[in-house]
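The sequence lines fix the lettering, A, B, ..., with proteins before strands; numbering per chain opens at 1.
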Number of protein chains: 2
Amino acid sequence: MGTEKIPDITISRLPIYLRALQRMAEKGLQTTSSQELGELVGVTAAQIRKDISQFGEFGKQGTGYNILFLIAQLREILKVNRIWDMAIIGAGDMGRALARYQGFLDRGFRVLTIFDKDAEKIGDKAGDFIIQDAARMVKKIRQAGIKVAMLTVPVAEAQEVTDQLVQAGVKAILNYAPINLTVPPDIHVQYMDPATHLQWMTYYL
Amino acid sequence: MGTEKIPDITISRLPIYLRALQRMAEKGLQTTSSQELGELVGVTAAQIRKDISQFGEFGKQGTGYNILFLIAQLREILKVNRIWDMAIIGAGDMGRALARYQGFLDRGFRVLTIFDKDAEKIGDKAGDFIIQDAARMVKKIRQAGIKVAMLTVPVAEAQEVTDQLVQAGVKAILNYAPINLTVPPDIHVQYMDPATHLQWMTYYL
DNA sequence: TAGATTGTTAATCGATTAACAATC
DNA sequence: TAGATTGTTAATCGATTAACAATC
């Protein structure tokens with residue numbers, strides 16, 4: 001353990017460990033080992049132990065890790081032992097699919113509102129939400145204190161909307177548009193463009 | 001240049017370079033430099049030059065890279081200078097959104113068919129496609145020679161469907177279900193679970 | 001030519017792995 | 001106790017960066 005800076009690459013693996021542990025918990029398993037967890041997520045046992053031990057001594061020699069305890073620890077480390085409110089920007093097919101997705105709540109997230117600039121869509125339903133006018137987006141996001149957004153607008157609008165989100169106080173953006181966003185250094189972006197992820201694989205085919 | 005094995009991490013950056021170059025080309029730009037491209041995608045100029053030079057000498061001293069030429073080279077390297085047929089498994093909100101997504105074709109992909117096991121859905125339309133019976137999935141995918149699939153089924157079915165996809169000859173899977181898939185070593189999986197990607201960011205908030 | 005920028009080398013930096021004492 | 005598995009150290013491995021000769 002230590003208080004030195006934890007590498008980004010370690011952080012990026014924790015949600016994957018957490019996801020695997022939650023599947024184990026659903027199956028009713030009580031404990032696991034670095035060996036078993038590593039095989040499940042495709043990393044070495046040493047890697048698992050090294051990553052986890054950056055944050056504390058969560059295992060026991062001889063028996064391994066208590067699954068529920070490790071889940072609780074990882075949720076705390078990742079700050080998903082609470083619920084983050086989210087906004088969806090863009091009520092196209094992808095935005096509406098995310099608005100209806102049921103998998104957020106038990107992972108630490110909740111959709112609070114969805115915006116679109118198209119007058120035809122404003123006022124319509126998307127899941128349980130009424131599509132809001134994007135013209136009021138900055139104000140509403142700021143008032144609600146929303147820090148997390150999912151961006152599903154067309155490429156041509158993505159950077160402009162991103163600038164507005166930053167202005168509104170959003171700190172984390174899940175970007176579905178196929179474009180690199182330019183943001184200040186304290187803003188985090190994850191890219192969810194399916195074509196780019198597919199292209200990571202075709203090289204090997 | 002060389003014929004040694006190219007690191008995976010280099011390959012993983014190429015689609016991102018390609019995406020940025022395509023945005024530049026749309027803007028009518030002719031050339032770029034490692035400096036400029038690096039700023040756009042958030043890596044150092046040295047990194048860009050090193051990555052690209054693994055595959056050949058595509059730049060010119062003094063002037064940089066011709067954008068259209070570099071796009072063509074990257075598309076060839078990534079094998080997206082052709083069209084890969086894809087199947088979507090699972091005609092829920094996400095599957096149907098992907099079926100209607102217009103962004104695949106000019107990135108090297110095309111949806112050919114969508115499957116679901118729900119009798120209520122089979123025969124319905126999803127985008128331009130008629131939802132097919134999942135019971136005939138293995139046979140149809142094999143006959144069509146499809147190598148790429150997008151998986152949008154519930155967690156409980158994801159591993160079983162994956163095993164069938166592997167059996168059907170699929171080599172690359174874009175997985176939207178929040179579960180680690182176990183696959184043979186020659187099968188490639190990319191994970192597109194939104195909650196996991198969101199959790200990569202909350203640590204820093 | 002002068003300025004700019006590549007491709008590449010060598011140095012640095014950081015991450016992974018192997019090994020093992022500690023201990024449940 | 002004997003067996004199993006952690007947390008951690010040190011060694012290895014690999015990736016990034018800085019620097020610069022080559023050259024457009």
Is there a donor-acceptor pair under 3.5 Å between the side chain of Q159(A) and the backbone N or O of T182(A)? yes
If you find the nucleotide of DNA chain C closest to T10(A) and the one closest to G59(B), which residue's nucleotide is nearer the 5' end? G59(B)
Grab the OH-C1' distance between Y65(A) and dT5(D) for me, whole Å please. 9 Å
Measuring from R13(B):CZ to L18(B):CG, what's the distance to the nearest 0.5 Å? 15.0 Å
Could you give the distance from CZ (F109(A)) to CG (L174(A)), rounded to the nearest 0.5 Å? 9.0 Å
I173(A) and V170(A) have their tightest heavy-atom pair at CG1-CG1, 3.8 Å
Got a second to check how far M192(A)'s CE is from L198(B)'s CG, nearest 0.5 Å? 7.5 Å
What is the distance, rounded to the nearest whole Å, between atom CD of Q54(A) and atom P of dT6(D)? 16 Å
If the plane angle is over 60° it's perpendicular, under 30° parallel, otherwise tilted; pick one for Y203(A) and F55(B). perpendicular
Flag the pair D193(A) and R107(B) as a salt bridge only when some basic side-chain nitrogen lies within less than 4.0 angstrom of an acidic carboxylate oxygen. yes
Residue pairs fulfilling salt bridge (charged side-chain N to carboxylate O under 4.0 Å, His left out) with at least one residue in residues 162-173 of chain B, sequence neighbours excluded: K171(B)-D186(B)
Which residues in residues 45-52 of chain A have at least one heavy atom lying under 4.0 Å from any atom of DNA chain D? R49(A), K50(A)
Strictly distance-based, threshold 3.5 Å: is any side-chain N or O of D116(B) a donor or acceptor partner for the main-chain N or O of A91(B)? yes
Please write out each protein N/O paired with an N/O of nucleotides 22-24 of chain D under 3.5 Å, distance rounded to 0.1 Å.
from, atom 1, to, atom 2, distance (Å)
dT23(D), O4', Q61(B), NE2, 3.3
dC24(D), O4', Q61(B), O, 3.4
dC24(D), O2, Q61(B), O, 3.3

Do the non-hydrogen side-chain atoms of F115(A) and D133(A) ever get within less than 4.5 Å of each other? no
About how many Å separate CG of L14(A) and OG1 of T196(B), when rounded to the nearest 0.5 Å? 11.5 Å
N-O pairing of R82(B) and D85(B) below 4.0 Å: no
Atom CD1 of I48(A) and atom OG of S33(A): how far apart are they, to the nearest 0.5 Å? 9.5 Å
Reading DNA chain D 5' to 3', how would its secondary structure be written in dot-bracket notation, given Watson-Crick and G-U pairs with both distances under 3.5 Å, brackets [ ] for crossing pairs and | for partners on other strands? ..||||||||||||||||||||||
Ordered by number, residues from residues 27-43 of chain B within less than 4.0 Å of DNA chain D (heavy atoms) are none
From L181(B) atom CG to L151(B) atom CG, the distance as rounded to the nearest 0.5 Å: 6.5 Å
For N66(B) and dA4(C), what is the distance between atoms CG and C1' respectively, to the nearest whole Å? 17 Å
Within residues 67-78 of chain B, those residues having any heavy atom closer than 4.0 Å to DNA chain D are none
